[in-house]
Amino acid sequence: MSLDAWDDPSRLYLTRGEEVSPHRPFFTGDVVESVAIPGVQDEGAGIIVAHPCTMRRGPELAESVLVAAVGPHDEVPAERWGRGYFDRMPLPVLRGEGRPFEAASLTKVGLVRAEELLAADRIACLSEVGINMLQQRTVFNLTRLEVPTAEFWAAFAHTYEEADLLEEWVEAGADVGDATVLTAATFETWLRADGRQESLRDPQQRASTRSEARREIAARVAGIEQ
Amino acid sequence: MSTIGRPWSEDRTRTNAVLDSPVESPTRTTQDELAERAGHLRGATRFLLDDVADVHDEAIDIQMEARTDEAAKRSVADLLNELAELGFAWRDIARLVGVTVPAVRKWRQGEAATGAHRRAVARLLAFVDVLRSEHLVNEVSSWMEIPLAGSRRTGVDLYCDGHEKQLLLHAAGHLSSEELLDCVEPDWRDQLDDRFEIATASDGDPFIRLRSEPG
């Protein structure tokens, strides 16, 4: 067996540091600074390990979300993570190139209240590559079942799509100073209508749903600007 | 006197020719000549096919360069908007161009891209343009996202790995999905994994389970 490793560590991240968009919904694989995890740590970095399908209630975060502690770790080469350290998720270059190696401990987990998470400083968002790897390691650590990362992608790619489109939707609203027409709530309503959420589950229909979302955003922005 | 209508046995010359000389088993020389000519034709045809393939490859290069030159006249933000209207995900655009999602976001907001990046975006749009106009691929983004030949590899993956031309040949019908993967990743079949399947749980969300029978 061998769990996935990485060729280029930066590919594990969608955004880091100042690149993180404040408009992106909190999602699996987001790393936050200074968060208390009951029974684990009073303060420190943490990564959301909750599954995308269970961490939200409609447009809002669930009341509490499963988070694992993140901290410094010996620098271990990529290839060794495939065959060991199963209770950890490597987070190389988390704070940039040349900065100390860090890792999440998949045994130091606890529920963090949504308000606390939302108030914390988000320092990184994992990419789909990183999230799939996090899920693979979490499942292996808990069950000793090795699931190829491609299966996580095939099963849950639609949730990453939803997060991407929600970010685009809310960002467009923020760009025109809107707080009512292009919000997480209006996106949720739009997405649930006319089978759009189901369309995102079908790889063949995703692109047309994306196009439709962008046309809708453009129409709403035009309406706001009139 | 004509020999036509006479029994063959009465015309020794012709009878001998029919009965004794090996008409139904031609001479060794004739067999060899025939095999040699067929082999020569086969070789010539192969060389011809190779030459045609080379010319086609060159034509594709010229076509792509010309369309890239044309697209590169437009602003990067404009090119990106067209790709977005076609349904491409920003993260896929970033991968296809070889940059990060934040870099693409900055270009959308009007920040200048380097010459190489501008050309990479123009090249991607040129590729999409050829697929649409020459090979009648209607929804290019969808076409690029569909897994190929039962594998998990997609057109996006192959483009990112530099197999633009093979994708165009696939779109043109010169390569099937299997032939395309054979061409760019000869061991792709060894990587197929049918131990798992995706199903829908009672809450409406998908889940992963072991297959009861291998697919």
Side-chain angles (χ1 to χ4, degrees), chain A residues 8 10-11 13-21 23-24 51-54 125 127-129 135-136 139 145-161 163-165 167-168 171-172 175 197-198 200-215 217-218, chain B residues 80-95 98-106 108-109 128 137-148 150-157 160-161 191-201 203-211:
Chain A
D8 173 0
S10 67
R11 280 204 65 207
Y13 303 94
L14 179 69
T15 50
R16 286 172 291 169
E18 291 179 354
E19 295 172 347
V20 175
S21 168
H23 308 299
R24 186 166 182 82
H51 192 274
C53 292
T54 59
C125 300
S127 64
E128 71 269 20
V129 174
Q135 292 193 320
Q136 184 189 50
V139 168
L145 174 67
E146 182 193 7
V147 181
T149 49
E151 300 297 337
F152 290 112
W153 172 249
F156 307 117
H158 65 287
T159 62
Y160 311 160
E161 292 287 347
D164 285 354
L165 286 180
E167 178 184 352
E168 211 171 324
E171 188 177 65
D175 285 348
Q197 198 163 31
E198 288 69 36
L200 281 183
R201 291 183 181 170
D202 178 359
Q204 203 153 2
Q205 294 188 61
R206 258 173 222 152
S208 57
T209 307
R210 267 185 230 121
S211 294
E212 192 184 352
R214 286 163 182 159
R215 285 196 298 274
I217 291 170
Chain B
L80 291 173
N81 280 338
E82 184 167 341
L83 289 167
E85 282 168 13
L86 291 169
F88 279 90
W90 293 116
R91 68 183 130 69
D92 282 341
I93 293 173
R95 272 188 71 205
V99 296
T100 63
V101 171
V104 171
R105 185 190 293 146
K106 286 175 186 169
R108 282 164 57 199
Q109 292 167 347
V128 170
V137 179
N138 266 332
E139 294 185 329
V140 175
S141 178
S142 288
W143 185 82
M144 295 275 284
E145 291 177 46
I146 303 296
L148 294 160
S151 73
R152 296 290 191 207
R153 301 285 281 162
T154 65
V156 171
D157 296 325
C160 291
D161 289 344
Q191 295 167 17
L192 292 177
D193 188 342
D194 61 0
R195 291 174 298 158
F196 297 92
E197 65 183 355
I198 314 294
T200 303
D203 63 0
D205 283 325
F207 70 103
I208 302 166
R209 69 181 174 199
L210 287 165
R211 275 186 202 275

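Values below: every heavy atom of this structure, side chains too, minus hydrogens, waters and symmetry copies. Each chain gets a letter, A, B and so on, in the order its sequence line appears, and its residues count up from 1.
For B/Trp143, no part lies near chain A; criterion is any non-hydrogen pair under 4.5 Å. Residue A/Tyr13 does not touch chain B at all, counting heavy-atom pairs closer than 4.5 Å. With a threshold of 4.5 angstrom between heavy atoms, A/Arg215 does not approach chain B through any atom at all. Using a 4.5 Å cut-off between heavy atoms, B/Arg209 does not touch chain A at all. For chain B, no part of A/His51 is nearby; none of its heavy atoms comes within less than 4.5 Å. Contact annotation for A/Glu167: only side-chain heavy atoms (C-beta onward) come within less than 4.5 Å of a heavy atom of chain B. Contacts between B/Glu85 and chain A at a heavy-atom distance below 4.5 Å involve the backbone alone (N, CA, C, O).
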Verdict with reasoning, B/Asp193 to B/Arg211, per salt bridge (charged side-chain N to carboxylate O under 4.0 Å, His left out): CA-CA 11 Å; B/Asp193 188 342; B/Arg211 275 186 202 275; over 6 Å; no

side-chain contact (heavy atoms from CB on, under 4.5 Å) between A/Arg24 and A/Leu14, worked out: CA-CA 11 Å; A/Arg24 186 166 182 82; A/Leu14 179 69; 3.4 Å; yes

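Rounding to the nearest 0.5 Å gives a distance of 7.5 Å between CD of A/Glu146 and CZ of B/Phe196.
Formation of a donor-acceptor pair under 3.5 Å by the A/Ser211 side chain with backbone atoms of B/Gly87 is found in this model.
Your options are B/Glu139, B/Glu197, B/Arg105, and the one with the most heavy-atom pairs under 4.5 Å with chain A is B/Arg105. Of the residues considered (B/Arg152, B/Lys106, B/Arg195), B/Arg152 shows the highest number of contacts with chain A, using heavy-atom pairs under 4.5 Å. Among B/Ile146, B/Thr100, B/Val101, the residue with the largest count of heavy-atom pairs under 4.5 Å with chain A is B/Ile146. Ranked by non-hydrogen atom pairs under 4.5 Å with chain B, the options A/Leu165, A/Asp175, A/Asp164, A/Leu145 are led by A/Asp164. Contact count against chain B (heavy-atom pairs under 4.5 Å) is highest for A/Ser21 among A/Ala218, A/Ser21, A/Ser208.
Between B/Arg153 and B/Asp161, at least one side-chain N (NZ, or NE/NH1/NH2) sits under 4.0 Å from a carboxylate O, which counts as a salt bridge. Salt bridge annotation for B/Arg91-A/Glu161: present, with a cationic side-chain nitrogen under 4.0 angstrom from a carboxylate oxygen. With respect to A/Glu128 and B/Arg95, no salt bridge is recorded, no charged nitrogen being found less than 4.0 Å from a carboxylate O.
Using a 4.5 Å cut-off on side-chain heavy atoms (C-beta onward), B/Phe88 and B/Leu80 make no contact.
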